[in-house]
Amino acid sequence: MLRNAGYAVMPATSGARALEGVRVQLPDLILLDLMMPEMDGLEVCRRLKADPLTQEIPIMFLTASNEMEH
């Protein structure tokens with residue numbers, strides 16, 4: 001849907017791949033799932049916010065979970 005609206009999208013299939021992809025090209029915005037293979041979205045966010053190169057990139061969390069704690 002985002003591509004159809006004219007946005008460039010860089011999907012990642014895991015938290016580790018997301019961190020690698022950010023190194024290739026800094027995005028304007030990150031849409032991050034809470035539940036991902038290898039490391040969860042919160043850990044990916046912690047790592048991005050700890051890095052001066054990526055700490056200013058806005059992150060929006062999305063999840064399909066129905067659990068209140070998520």
Please say whether more than 12 non-hydrogen atoms of neighbouring residues, nucleotides or ligands are located less than 6.0 Å from CD in Glu56.
no
If you define the side chain from C-beta out and look only at heavy atoms, does anything of [X] sit under 4.5 Å from [Y]?
| X | Y | answer |
| --- | --- | --- |
| Leu2 | Leu31 | yes |
| Met10 | Val24 | no |
| Asp40 | Leu34 | no |
| Asp33 | Thr63 | yes |

Lys49 side chain to Ile57 main-chain N or O, any donor-acceptor pair under 3.5 Å?
yes
Any idea which heavy atoms bring [X] and [Y] closest together, and the distance?
| X | Y | value |
| --- | --- | --- |
| Gly15 | Met36 | CA-CE, 3.7 Å |
| Ile59 | Cys45 | CD1-SG, 3.8 Å |
| Ile30 | Pro27 | CG1-CG, 3.7 Å |
| Thr13 | Pro37 | O-CG, 3.5 Å |
| Met60 | Leu29 | CG-CD1, 4.0 Å |

According to a 4.5 Å side-chain heavy-atom criterion applied to Ile, Leu, Val, Met, Phe, Trp and Tyr, with indirect links allowed, do Tyr7 and Leu62 form part of one hydrophobic cluster?
yes
Straight-line distance of Leu48 CG to Glu43 CD, nearest 0.5 Å
10.0 Å
Any Lys/Arg nitrogen of Arg17 or Glu20 sitting under 4.0 Å from an Asp/Glu carboxylate oxygen of the other?
no
